[in-house]
2 protein chains.
Amino acid sequence: MVMDGIDPHARKLMEVFSAIERSKWNDSPVKGLAANEAHVLFCIKHKTIFPQEGMKVSEIGRLMKVTTPTITQTINNLYKKGLVLRIPDIHDRRSVRIKLTDKGEEIIKRVSEHICITFNGLSQHLGSEESDKLAELLLKAHNYIINVKKIDI
Amino acid sequence: MVMDGIDPHARKLMEVFSAIERSKWNDSPVKGLAANEAHVLFCIKHKTIFPQEGMKVSEIGRLMKVTTPTITQTINNLYKKGLVLRIPDIHDRRSVRIKLTDKGEEIIKRVSEHICITFNGLSQHLGSEESDKLAELLLKAHNYIINVKKIDI
DNA sequence: GAAATATAATTAGGTATCATAATAATATTT
DNA sequence: AAATATTATTATGATACCTAATTATATTTC
């Protein structure tokens with residue numbers, strides 16, 4: 001069997017990865033708000049440098065590693081729900097600035113609180129040392145996998 | 001700001017999780033084979049107790065934590081590609097046994113080899129101790145998150 | 001300063017990977 | 001024998017992405 005060639009440590013890793021794979025830890029905690037909508041709100045709220053300016057669609061896309069048409073769609077949905085506004089950019093008439101409405105602010109506050117609670121809880125559950133260890137190893141593993149792929153092509 | 005309430009260790013974890021989130025480490029390594037098709041082949045090949053019997057659709061679904069209609073669809077695609085056969089179960093006429101064709105065996109061999117190489121490489125890259133540590137922490141984190149969700153509802 | 005090129009957002013249309021509900025056939029339990 | 005459960009399938013839909021084409025505006029180059 002081919003799979004007999006796998007190292008026991010590697011197999012353990014593989015099994016955990018495959019067990020974890022399909023669990024959506026990043027679901028939206030707010031009913032009626034899709035996961036991708038929550039992500040966009042989070043991005044707008046927590047990754048802006050100048051909050052009063054709002055965020056460009058292309059900026060959101062770049063930060064989230066998603067194409068602009070995808071962001072446009074999500075923004076449309078958030079707009080329908082009254083959570084964001086589109087404000088024409090004064091200095092570049094091709095651009096639109098996305099800002100949160102008061103309702104949007106209220107919703108992202110709830111999302112953020114949930115994320116805080118979840119990760120504070122997780123970090124405490126693991127202990128700060130192991131928590132840092134997990135972050136470090138995950139990143140290292142991720143970078144390795146990404147590069148293996150690139151070489152493969 | 002709400003996010004100021006997050007512990008530095010928790011924040012680090014959150015950032016790594018969100019950086020990793022959208023990378024598909026489990027893509028199919030074989031051109032023309034979809035990721036979910038590779039998963040089903042892998043499941044049939046490596047999780048059967050009695051390989052000569054083939055695997056039931058419901059069994060595959062249970063093992064992969066996916067509904068049976070979804071498996072049926074994937075099996076249809078694999079069938080079209082000549083990678084699996086449907087063999088009526090002799091003892092239960094409602095059931096169908098899914099078996100790999102020779103071509104299917106050949107393909108899953110290539111998939112398995114790729115998985116072996118990837119995880120052996122990763123495990124070596126991390127070192128066996130850290131590799132085990134990552135598996136342990138990931139599982140622990142996963143279980144925690146799953147349970148938080150359940151309590152939340 | 002006109003022409004060529006680049007960038008921003010959108011629209012249109014499509015793909016991958018799942019799900020639920022309903023159905024038909026067969027097994028199992030009562 | 002009747003009621004219930006299970007197996008697989010079909011039909012349909014949802015989510016979250018994508019690429020290609022389009023329109024409008026900016027920037028660069030000659």
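Chain letters run A, B, ... following the sequence lines, proteins first and then strands; every chain starts at 1. Note: hydrogens, waters and symmetry copies are ignored here, and every other heavy atom, side chains too, is used.
Closest to the Q73(B) side chain, of the nucleotides dA19(C), dT9(D), dA8(C), is dA19(C). The side chain of V66(A) lies closest to dC17(D) when the candidates are dA9(C), dA26(D), dC17(D). In this structure, the nucleotide among dA12(C), dT26(C), dT7(D) sitting nearest to the side chain of P69(A) is dA12(C).
Note on N36(B): a side-chain N or O is less than 4.0 Å away from OP1 or OP2 of dT17(C). Checking the phosphate oxygens (OP1, OP2) of dC18(C), a side-chain nitrogen or oxygen of R22(A) falls inside 4.0 Å. Remark: T68(A) is not in phosphate contact with dA9(C), judged by side-chain N or O atoms under 4.0 Å from OP1 or OP2.
Ion pair E130(A)/K133(B) flagged as a salt bridge, since at least one NZ, NE, NH1 or NH2 atom sits closer than 4.0 Å to an Asp/Glu carboxylate oxygen. Salt bridge status for K81(A) with E37(A): present, with a side-chain N to carboxylate O gap under 4.0 Å.
Rounded to a whole Å, the CD1 atom of I98(A) is 10 Å from the C1' atom of dA9(C). Rounded to whole Å, atom P of dT10(D) lies 6 Å from atom CG of N76(B). One interatomic measurement links the two molecules: CZ of R86(A) to C1' of dT10(C), which rounds to 9 Å at whole-angstrom precision. One can place CZ of R62(B) at 11 Å from C1' of dT7(D), the figure rounded to the nearest angstrom.
Heavy atoms of S58(B) sit under 4.0 angstrom from primed sugar atoms or phosphate atoms, though from no base atom. The residue D92(A) sits close only to the backbone: its heavy atoms come under 4.0 Å of sugar-phosphate atoms, none of a base. T70(B) comes within contact range of at least one nucleobase, with a heavy-atom separation under 4.0 Å. Residue R97(A) is classed as having no contact, given no heavy-atom separation below 4.0 Å to the nucleic acid. S95(A) comes within contact range of the sugar-phosphate backbone alone, with a heavy-atom separation under 4.0 Å but no base atom that close.
Contact detail for L13(A) and A135(B): the closest heavy-atom pair is CD2-N, 4.0 Å. In terms of heavy-atom proximity, R22(A) sits nearest to K65(B) at NH2-O, 2.6 Å.
Evaluation of atom-type donor-acceptor distances gives a pair under 3.5 Å for the side chain of R94(B) against the base of dT6(D).
K99(A) places a side-chain N or O within 3.5 Å of a backbone atom of Q52(A) that can act as its donor or acceptor partner.
Both V57(B) and H39(A) lie near DNA chain D, and the one whose nearest nucleotide falls closer to the 5' end is V57(B).
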